[in-house]
Amino acid sequence: MEKISLIVPCYNEEQVIEIFYKETKKVLKKLEKEYLYEFIFIDDGSKDNTLSILKQMREKDNNINIISFSRNFGKEAAMYAGLNNSTGELIVIMDADLQHPPKVILEMIEGIKEGYDTVTTQRVNRRGEPVIKSAFSKMFYKVMSKFVDFELVQGAQDFRMMKREVVDAIISLKEYNRFSKGIFSWVGFKVKYIQVENTERAAGNTKWSFKSLLKYAMEGMLSFSTKPLRISTILGLLISFIAFISTCIIIIQTLVLGKEVPGYASIITTVLFMGGVQLISLGIIAEYISKMYLEIKNRPKYIIREKIYKK
Ligand code: UDP
Ligand code: MG
């Protein structure tokens, strides 16, 4: 029998984790005859009782595995740890807050049976989400898809089922700055999209602030595209060209018309503008260097404090 590994990153989810488990278990019951299963809960350094609740759950279900981090490393690291420790032939990643309806797993299995390697969910609406957040998210996809060379699908979620081969490919990307949305698309394979409605969190609060989303967007851009570096080159060329033309004009004006050098305003604006462009270019380069710095250090992506695993 094939085994399904369910990877669930949890950060301060004491309010929902048990409901999540019960709901998901109901779905797994329907698959009992065909598939074995294992849960891999990753406690991402929760400060509440998530870990002790997980341990209680494990007392009753031997198919629950727990990996507890030494501190909060973020969802990306948690997903990576889960993938790294999964043993199933089919691997599912889902959120602990029931925003990813467990019943979709049944549809995903159908997709795999149809011959797809990955079945991913895609949100068709963003109901229950602040308008400004959806607007920014839309903009992010628009800008991002211009910058990367692979397809980045609007509204694609982390909620997905993958075959072993896909997961092995994902694990083989060992970068420290992990941008899963990009990594998932980058590895390719045959992907099926399932449309799902946006559901609100069952309980508890989202861990994403506007600031962290912005940081995430930036991270994505930097880890999957080097095009921003080209912007400075293009800007440089463009400005040099304009400077050349204006120099020609000034020389001709002086020689032919005998006009004196024009005033202070044009000079100061040019100087300031150039200073700005140079600093921006330096900034872009610095962003990449800082990412390289973190990659070169080659630090572990997460540190495990406790691992409770089926023998
Ligand atoms: N999560 C995590 N580490 C973090 C933040 C979030 O493991 O640092 C988990 C969280 O417990 C949940 C999932 O990632 O299972 C999605 O988080 P959340 O629901 O806050 O995000 P949203 O659904 O609002 O995008
Ligand atoms: Mg959520």
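Both counts, for ligands and for their atoms, begin at 1 and track the order of listing.
Considering all non-hydrogen atoms of both residues, G45 and Y11 come closest at O-CE1, 3.6 Å.
Using a 4.0 Å cut-off to heavy atoms of N72, the atoms of ligand 1 that qualify are 3 (N), 4 (C), 8 (O). In summary, the atoms of ligand 1 found under 4.0 Å from a heavy atom of D97, numbered by their order in the structure, are 19 (O), 23 (O). Which parts of ligand 1 touch D44 is read off a 4.0 Å heavy-atom cut-off, strictly below it: atoms 2 (C), 3 (N), 4 (C), 7 (O), 8 (O). Against a heavy-atom cut-off of under 4.0 Å, Q99 is close to the following atoms of ligand 1: 19 (O), 22 (P), 23 (O). Residue-ligand proximity, C10 to ligand 1, at heavy-atom distances under 4.0 Å covers atoms 7 (O), 11 (O). Against a heavy-atom cut-off of under 4.0 Å, A96 is close to the following atoms of ligand 1: 15 (O).
The protein heavy atom nearest to atom 21 (O) of ligand 1 is W208 CD1, 3.1 Å. Among protein heavy atoms, the minimum distance from atom 24 (O) of ligand 1 is reached at T206 OG1, 2.6 Å. Counting only heavy atoms of the protein, atom 14 (O) of ligand 1 lies nearest to K75 CD, 3.2 Å. Taking atom 18 (P) of ligand 1 as the reference point, the nearest protein heavy-atom neighbour is R201 NH2, 3.5 Å. For atom 16 (C) of ligand 1, the closest heavy atom belonging to the protein is D95 OD2, 3.1 Å. Nearest non-hydrogen protein atom to atom 12 (C) of ligand 1 is E13 OE2, 3.3 Å. When hydrogens are left out, the protein atom nearest atom 20 (O) of ligand 1 is K207 N, 2.7 Å; that is the closest non-hydrogen contact. The protein heavy atom nearest to atom 9 (C) of ligand 1 is P9 O, 3.7 Å.
Counting non-hydrogen atoms of neighbouring residues, nucleotides and ligands closer than 6.0 angstrom, the CE atom of M218 reaches no more than 12 such neighbours. By the 6.0 Å contact criterion, NZ on K297 is enclosed, its count of non-hydrogen atoms from other residues, nucleotides or ligands being greater than 12.
In this pair, H100 and F159 present their aromatic rings parallel. The plane angle is below 30°, not in the 30 to 60° band. Between F179 and Y216, the angle of the ring planes lies from 30° to 60°, which puts this pair in the tilted group.
Transitive grouping of hydrophobic side chains (ILVMFWY, heavy atoms separated by less than 4.5 Å) brings L222 and I284 into a common cluster. When hydrophobic clusters are built by joining Ile, Leu, Val, Met, Phe, Trp and Tyr residues whose side-chain heavy atoms come closer than 4.5 Å, directly or via intermediates, F39 is not grouped with Y80. V143 and I280 are assigned to two separate hydrophobic clusters, defined by single-linkage of ILVMFWY side chains at heavy-atom distances under 4.5 Å.
Inclusion of D97 in the first shell of the Mg ion (ligand 2) is supported: an N, O or S atom falls under 2.8 Å.
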Take I183 and M79, measure what side-chain contact (heavy atoms from CB on, under 4.5 Å) needs, and give me the verdict at the end. CA-CA 12 Å; I183 292 177; M79 288 195 289; over 6 Å; no
Apply side-chain contact (heavy atoms from CB on, under 4.5 Å) to residues I170 and R178 and explain how you reach the verdict. CA-CA 11 Å; I170 291 170; R178 294 191 84 75; 4.1 Å; yes
